[in-house]
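Order of the sequence lines sets the chain letters (A, B, ...), proteins ahead of strands, with each chain counted from 1. Please read all numbers here as calculations on a predicted model, not as lab measurements.
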Amino acid sequence: MDDQTRMMTGLTGLGGLQQADVGDPDSVRKQQSLGQPQQDIGDILQQIMAITDESLDEAQARKHALNCHRMKPALFSVLCEIKEKTVLSIRGVQEEDPPDPQIMRLDNMLLAEGVSGPEKGGGSAAAAAAAAAAGGSPTDSSIEHSDYRAKLAQIRQIYHSELEKYEQACSEFTNHVMNLLREQSRTRPISPKEIERMVAIIHRKFSSIQMQLKQSTCEAVMILRSRFLDARRKRRNFNKQATEVLNEYFYSHLSNPYPSEEAKEELAKKCGITVSQVSNWFGNKRIRYKKNIGKFQEEANLYAVKTAVDAANVSAQASQANSPATPNSGTTEHLGFQPECSDVERDSDVVK
DNA sequence: TGAAATGATTCGTA
DNA sequence: TACGAATCATTTCA
């Protein structure tokens with residue numbers, strides 16, 4: 001505004017501009033009340049219409065003159081207002097959108113995986129958890145953990161470098177557009193609000209590119225996880241002692257081989273595995289036992305004898321202490337689950 | 001090296 | 001939601 005008024009001092013013609021009038025609001029108001037503004041605007045519009053017929057130099061001179069005209073700010077402000085009330089107000093409604101839930105999901109996942117945000121041991125922790133779930137010892141999978149961490153770090157690095165590139169490109173493009181619009185605002189009715197709006201549009205466009213980057217990063221992490229952390233691929237057989245503890249419980253509760261939550265926890269603790277692994281084990285055992293009782297008979301006999309011996313020992317100790325014996329309740333009761341009386345029962349009965 | 005064993009997953013059901 | 005059944009993927013063993 002100040003530059004323009006200064007430039008106006010050298011201007012002649014164009015609506016009868018006088019030096020004394022420059023920057024004098026009272027004088028402007030006086031002229032407005034006399035109906036001069038309409039004439040001014042008419043003149044300006046006329047000159048704008050005629051500008052294309054003139055040579056480049058002349059046009060530049062005209063443009064400069066128009067830019068420096070004392071009525072220009074007022075005219076532009078009116079045009080901006082009209083523009084704001086019509087096109088931009090319609091567009092403005094469409095522009096206000098809530099945060100995209102998909103972006104939020106992607107952000108959360110990347111954060112949880114340690115790809116975005118501060119670097120953390122998330123990946124290795126996840127790997128350790130998976131290894132623990134698979135029953136593997138920490139040393140067994142430490143090499144794979146470091147491999148997993150290395151791959152995750154690689155993904156992280158690529159993600160950040162790409163993100164940086166996008167942000168740089170976004171900022172460069174935004175600056176370019178802002179400068180362009182500011183430049184054009186000298187000759188076109190472009191308000192600062194409109195420039196802001198344009199910047200927001202650019203940011204939205206770039207954020208959609210960012211979303212694609214986040215999406216592909218998430219996919220890469222998922223593939224990495226499935227490759228390294230899929231428990232089925234990293235399956236380890238339970239150790240002998242754990243299998244023995246589980247079998248002991250199973251055959252001593254053959255009538256109802258459904259351990260309670262507490263029993264599962266106890267077994268998990270004893271075997272050094274998770275409760276869900278105990279559940280899996282019993283699920284598999286029940287179905288496989290049921291499918292082929294004959295095949296498991298020997299095993300059943302073995303554990304029945306073992307259980308019976310234990311029970312006998314307990315009984316003996318109890319009678320020594322002059323108290324009633326309390327044999328294992330599950331040993332000989334094969335109701336519901338076992339379809340017929342087996343050797344297991346007979347064996348255990350014999351031992352007793 | 002192929003079959004058997006085994007732990008995990010998925011899907012339908014009560 | 002726990003369970004049965006089917007299936008997958010891996011390990012173990014002859």
Check your understanding: Taking the side chain as C-beta and beyond, is there a heavy-atom pair between A:Pro259 and A:His253 under 4.5 Å?
Key -> no

Check your understanding: For the pair made of CD1 in A:Ile287 and P in C:dT7, what is the distance, rounded to whole Å?
Key -> 12 Å

Exercise for review: In whole angstrom, give the distance that lies between atom CZ of A:Phe282 and atom P of B:dT9.
Suggested key: 18 Å

Review point. Please give, in whole Å, the distance from C:dT10 C1' to A:Asn284 CG?
Key: 14 Å

Review point. How long is the line joining CZ of A:Phe250 and P of B:dG7, in whole Å?
Key: 13 Å

Practice item. Kindly say if A:Gln277 contacts the phosphate of B:dA8, meaning a side-chain N or O under 4.0 Å from OP1 or OP2. Key: yes

Check your understanding: Which heavy atom in A:Tyr303 sits nearest to a heavy atom in A:Thr243, and how many Å separate them?
Key -> OH-O, 4.4 Å

Check your understanding: Should A:Ile155 and A:Leu213 be counted in the same cluster of Ile, Leu, Val, Met, Phe, Trp and Tyr side chains packed under 4.5 Å apart?
Key -> yes

Review point. Hey, is the side chain of A:Lys290 poking within less than 4.0 Å of OP1 or OP2 on C:dA6, counting only N and O atoms?
Key: no

Practice item. Fit a plane to each ring of A:Phe206 and A:Phe173, take the angle between them on a 0 to 90° scale, and name the class: parallel (under 30°), tilted (30 to 60°) or perpendicular (over 60°). Key: tilted

Point to revise | Check: A:Tyr251 ring centroid to A:Phe296 ring centroid under 6.0 Å | key: no

Study note, to complete from the structure: Taken to the nearest whole Å, CG/A:Asn280 to C1'/C:dC3 is 12 Å

If you restrict it to nitrogen or oxygen atoms, what contacts under 3.5 Å exist between nucleotides 2-6 of chain B and the protein, and what is each distance?
from	atom 1	to	atom 2	distance (Å)
B:dA5	OP2	A:Lys295	NZ	3.4
B:dT6	O2	A:Arg235	NE	3.4
B:dT6	O2	A:Arg235	NH1	3.3
B:dT6	O2	A:Arg235	NH2	3.0

Practice item. Could you pull out all residues at least two apart from A:Phe282 that satisfy ring-ring contact (aromatic ring centres under 6.0 Å, His included)? Key: A:Tyr249

**Study point:** C:dG4 OP1/OP2 closer than 4.0 Å to side-chain N/O of A:Tyr258
**Key:** yes

